[in-house]
There are 2 protein chains.
Amino acid sequence: MTRKTDSHILNERSLILFKSLVEHFIQDGQPVGSRTLARDTNLDLSPATIRNIMADLEDLGLLSSPHTSAGRVPTIQGYRLFVDSLLRVTNLDHEQIERIRNELNPDQDIRNLMQKTSSTLSEITRLASVVTLPRSEGQSLQHLEFMPLSDNRILVILVVNDREIQNRIIDTARTYTQSELQQATNYLNEKFAGKHLNAIREEIIKELERMKDNVNQLMQIAIEMAQKAFENGEQSSDYVMAGHTNLMDVAELSDIEKLKKLFDSFNQKRDILHLLEQSIHARGVKIFIGEESGYDVLDDCSIVTSPYEVDGRIMGVLGVIGPTRMEYQRVIPIVDITAKMLGSALNSQH
Amino acid sequence: MTRKTDSHILNERSLILFKSLVEHFIQDGQPVGSRTLARDTNLDLSPATIRNIMADLEDLGLLSSPHTSAGRVPTIQGYRLFVDSLLRVTNLDHEQIERIRNELNPDQDIRNLMQKTSSTLSEITRLASVVTLPRSEGQSLQHLEFMPLSDNRILVILVVNDREIQNRIIDTARTYTQSELQQATNYLNEKFAGKHLNAIREEIIKELERMKDNVNQLMQIAIEMAQKAFENGEQSSDYVMAGHTNLMDVAELSDIEKLKKLFDSFNQKRDILHLLEQSIHARGVKIFIGEESGYDVLDDCSIVTSPYEVDGRIMGVLGVIGPTRMEYQRVIPIVDITAKMLGSALNSQH
DNA sequence: ATTTAGCACTCTCACCACGAGAGTGCAAAA
DNA sequence: TTTTGCACTCTCGTGGTGAGAGTGCTAAAT
């Protein structure tokens with residue numbers, strides 16, 4: 001093989017060819033041959049020339065061929081180059097934008113909103129979609145209520161962020177009277193309303209310290225109950241998912257064993273959550289292609305994610321999961337705009 | 001063909017053979033031939049005799065053969081006879097019973113409990129499992145709370161049945177003061193606490209009638225708000241599902257197209273709900289075999305359901321979905337006992 | 001120095017034939 | 001009524017074959 005400089009090899013012409021090849025392959029999933037490219041690009045080159053170029057691209061690790069007499073297929077690095085440098089994102093038509101805006105009606109509780117977001121996203125992209133629940137750090141307590149269930153069991157209702165309701169059941173050492181509960185409720189609401197849950201937890205710890213000296217009966221009851229109410233920490237992070245059956249249509253995943261492993265990992269949630277977390281630190285759309293994700297089950301998949309934010313703070317992540325051979329230029333802007341619209345839907349809930 | 005009476009044909013010997021054949025087929029999914037049966041029953045008959053008997057059973061519609069030189073396979077009617085008359089249910093070992101009891105911890109909210117029930121059921125049976133949420137008819141209001149969100153928007157919290165919390169957002173014609181809300185809350189709690197939701201709805205309608213004459217300002221506000229709070233009726237019936245990936249292992253459903261249709265109908269929920277409703281009227285385990293269900297997507301599936309009850313009232317249904325060739329004698333008692341345990345878990349929540 | 005034409009080569013895939021294996025149904029014997 | 005014997009049928013795995021697609025290389029053309 002003759003030695004050439006990179007700039008020589010990755011010139012504009014080869015990039016045009018490469019881009020065309022990737023687009024072809026994304027379209028119909030078949031390895032692309034030199035004849036096809038000669039026909040469908042307007043470079044006016046013979047198949048032989050194109051073969052030479054493709055051989056170079058293969059040497060660079062951008063293409064590979066399944067076997068000698070098949071055409072060529074992009075590698076992971078090939079896709080990476082494609083999405084990073086060659087891809088021209090399509091504009092969304094207003095119809096789709098309107099559709100998303102309509103579905104993401106802010107007048108529903110958080111979980112429904114996330115569910116709706118996910119199903120809309122999966123329908124529009126025709127892929128599987130995930131949306132993490134907003135992380136609880138930004139949560140501020142609006143109101144708190146105790147309600148006796150039976151002896152020694154109390155239902156705690158926490159209203160956070162205006163419309164999200166968490167309820168927890170706590171076991172108490174003894175039975176409290178209705179008026180004790182009422183007083184504790186008043187005291188705690190006055191003391192904690194408007195504050196962030198984390199701040200409240202810290203304050204409770206401090207109060208517990210101080211209480212050793214100052215034994216005000218009422219305060220003691222209240223703080224003890226508050227401690228129990230808030231102790232079972234964060235709701236562990238979680239996501240909702242929709243449209244995973246869309247993945248059953250894609251030929252690359254026709255192996256039912258692989259598909260099962262993939263679906264199982266969706267149910268398990270652990271791996272997917274780890275992956276999504278990687279996307280929560282930086283703004284904007286992020287793409288994991290094939291093995292880049294680091295999880296075996298996702299080897300044949302790409303994941304396109306974007307964090308969504310409220311008041312400039314990143315609250316969670318959403319994204320789609322599809323075959324590596326997905327229509328990136330169509331999917332990326334959809335994920336992007338959906339994240340933004342989810343952010344503004346959450347914002348208008350305040 | 002010689003004419004024989006039914007009693008002649010369906011004698012004990014043929015039933016033993018038939019039962020053995022079904023058990024064989026359930027075990028390994030292969031059509032069963034005369035040789036196999038001759039070997040594995042202790043009837044001491046030659047394959048030829050067994051062939052004659054099998055031909056009779058085929059005439060009766062209990063068996064069929066995929067092709068001339070395969071063995072035989074039970075038909076839907078065959079399975080029906082098998083589960084109705086021949087099946088001897090196995091006893092559950094105490095370990096499994098204990099496991100179910102442990103997982104169905106009453107100290108969690110309804111939805112979690114149902115989720116847990118479903119996943120436990122699917123793990124033990126290694127099939128897909130559904131559990132409907134308890135129907136809301138039995139719901140009695142324990143407590144009601146209004147909480148202002150923003151101008152003209154109020155969050156309503158309903159506590160029903162001790163631990164289930166429903167929250168709804170209502171839009172009001174004007175903004176109410178804190179004290180108006182408080183008074184309305186007190187009034188409504190006093191009037192409606194302990195009553196069933198349906199009864200409350202009826203009473204609200206009556207009150208609206210009466211109100212035309214008697215214009216007590218406070219009452220009017222309260223009833224108007226109550227009307228809005230309760231108007232968006234029943235939460236439509238719903239179910240949780242678990243373990244659908246278990247179905248991806250069964251050979252009968254290896255056709256990915258069918259599987260997709262099946263999964264889609266799980267997501268759609270409509271068909272499955274209709275089916276489950278058929279089981280809510282009668283006590284005890286009910287079995288739908290193959291086409292009996294009436295839904296095309298379930299043609300290759302059987303569904304084993306049982307209603308669960310609290311205080312003798314049927315509250316919902318649970319069940320498993322698997323291939324027609326499922327281990328009925330193992331699955332049936334599991335479904336049965338799970339329904340009972342779910343009932344008693346719900347019962348001990350009071 | 002590139003590009004192209006020509007050509008031999010390789011690999012897949014659909015098709016077909018073929019034989020082994022499993023199981024049947026039927027007629028005649030037990 | 002049951003069994004033996006036997007011809008028959010159907011599936012399934014194997015191997016061969018040829019068409020089709022695409023490649024790489026060499027030599028000619030630009």
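Here is how names work: the chains are called A, B, and so on, in the same order as the sequence lines, proteins then strands, and each is numbered from 1. Just so you know, these numbers use all the heavy atoms, side chains as well, and skip hydrogens, waters and symmetry mates.
Scanning for salt bridge (charged side-chain N to carboxylate O under 4.0 Å, His left out) contacts around B:E291 gives an empty result, with sequence neighbours left out. Residues forming a salt bridge (charged side-chain N to carboxylate O under 4.0 Å, His left out) with A:R35 (at least two apart in sequence, or on another chain): none. Listed by chain and number, the residues in a salt bridge (charged side-chain N to carboxylate O under 4.0 Å, His left out) with A:R80 are A:D84, A:E292 (sequence neighbours excluded). A search for side chain to side chain donor-acceptor pair (under 3.5 Å) contacts involving B:D40 returns B:H24, not counting sequence neighbours. Judged as a side chain to side chain donor-acceptor pair (under 3.5 Å), and not counting sequence neighbours, B:H244 has no contacts. A:R126 meets the side chain to side chain donor-acceptor pair (under 3.5 Å) test with no other residue; sequence neighbours excluded. The salt bridge (charged side-chain N to carboxylate O under 4.0 Å, His left out) check on A:K260 picks up A:D264, B:D249, with sequence neighbours excluded.
Atom CG of A:N52 is separated from atom P of C:dG6 by 16 Å (rounded to the nearest Å). The separation between B:M54 atom CE and C:dT24 atom C1' is 9 Å, rounded to whole Å. Taking atom CG of residue A:D59 and atom C1' of nucleotide D:dG24, one finds them 12 Å apart after rounding to whole Å. The nearest whole Å value for the distance from the CD1 atom in A:I53 to the P atom in C:dT3 is 7 Å. If you take CG of A:L45 and C1' of C:dA5, they are 15 Å apart, rounded to a whole angstrom. To the nearest angstrom, P of C:dT3 lies 11 Å from CG of A:L43. The nearest whole Å value for the distance from the CZ atom in A:F25 to the P atom in D:dG22 is 14 Å. A straight line from CD1 of A:I50 to P of C:dT2 spans 17 Å, rounded to a whole angstrom.
Under the 3.5 Å distance criterion, with hydrogens and angles disregarded, no donor-acceptor pair is assigned to the side chains of B:T49 and B:N52. Under 3.5 Å, the side chains of B:S122 and B:S129 contain no donor-acceptor pair of N or O atoms. Counting only N and O atoms by type, the side chains of A:S34 and A:R51 include a donor and acceptor under 3.5 Å apart.
The stretch residues 29-39 of chain A comes close to DNA chain D through A:G33, A:S34, each having a heavy atom under 4.0 Å from the strand.
Where B:R13 and B:T68 meet DNA chain D, the nucleotide closest to each residue was compared, and B:R13 sits on the side nearer the 5' end.
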Could I get a table of every N or O pair under 3.5 Å where one atom is in the protein and the other is in nucleotides 15-17 of chain C?
none

N/O to N/O distances under 3.5 Å, protein versus nucleotides 27-30 of chain C:
none

Can you check nucleotides 11-21 of chain D for protein contacts, nitrogen or oxygen pairs under 3.5 Å, and list what you find?
residue: D:dA21; atom: N3; partner: A:S69; partner atom: OG; Å: 3.4

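Because its NZ or CZ atom is both nearer than 6.0 Å to the ring centre of A:Y239 and within 45° of the ring axis, A:K269 counts as a cation-pi partner of that residue.
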### Message
Could you walk me through whether A:I287 and A:I332 satisfy the side chain to side chain contact (heavy atoms under 4.5 Å, CB included) test, starting with their C-alpha distance in whole Å, then the side-chain angles of each, then the deciding distance to 0.1 Å, before giving a yes or no?
### Response
CA-CA 9 Å; A:I287 302 174; A:I332 290 172; 3.4 Å; yes
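Residues B:E95 and B:R99 are not paired through a salt bridge, judged by the lack of any N-O separation under 4.0 Å between the basic side chain and the carboxylate. A salt bridge links A:K19 to A:E23: at least one charged side-chain nitrogen sits closer than 4.0 Å to a carboxylate oxygen.
Residue B:T49 places at least one side-chain N or O under 4.0 Å from the OP1 or OP2 atom of D:dT3. Residue B:R51 places none of its side-chain N or O atoms closer than 4.0 Å to OP1 or OP2 of C:dC26.
Between B:L21 and B:L37, some side-chain heavy-atom pair lies under the 4.5 Å cut-off.
Considering every non-hydrogen atom in both B:P66 and B:P31, the closest pair reads CG-CG, 3.9 Å.
Each end of the helix from C:dA1-D:dT30 to C:dA30-D:dT1 gets its own axis, taken as the rotation carrying the C1' atoms of four end pairs onto the next four within a five-pair window, and the two axes meet at 20° to the nearest 10 degrees.
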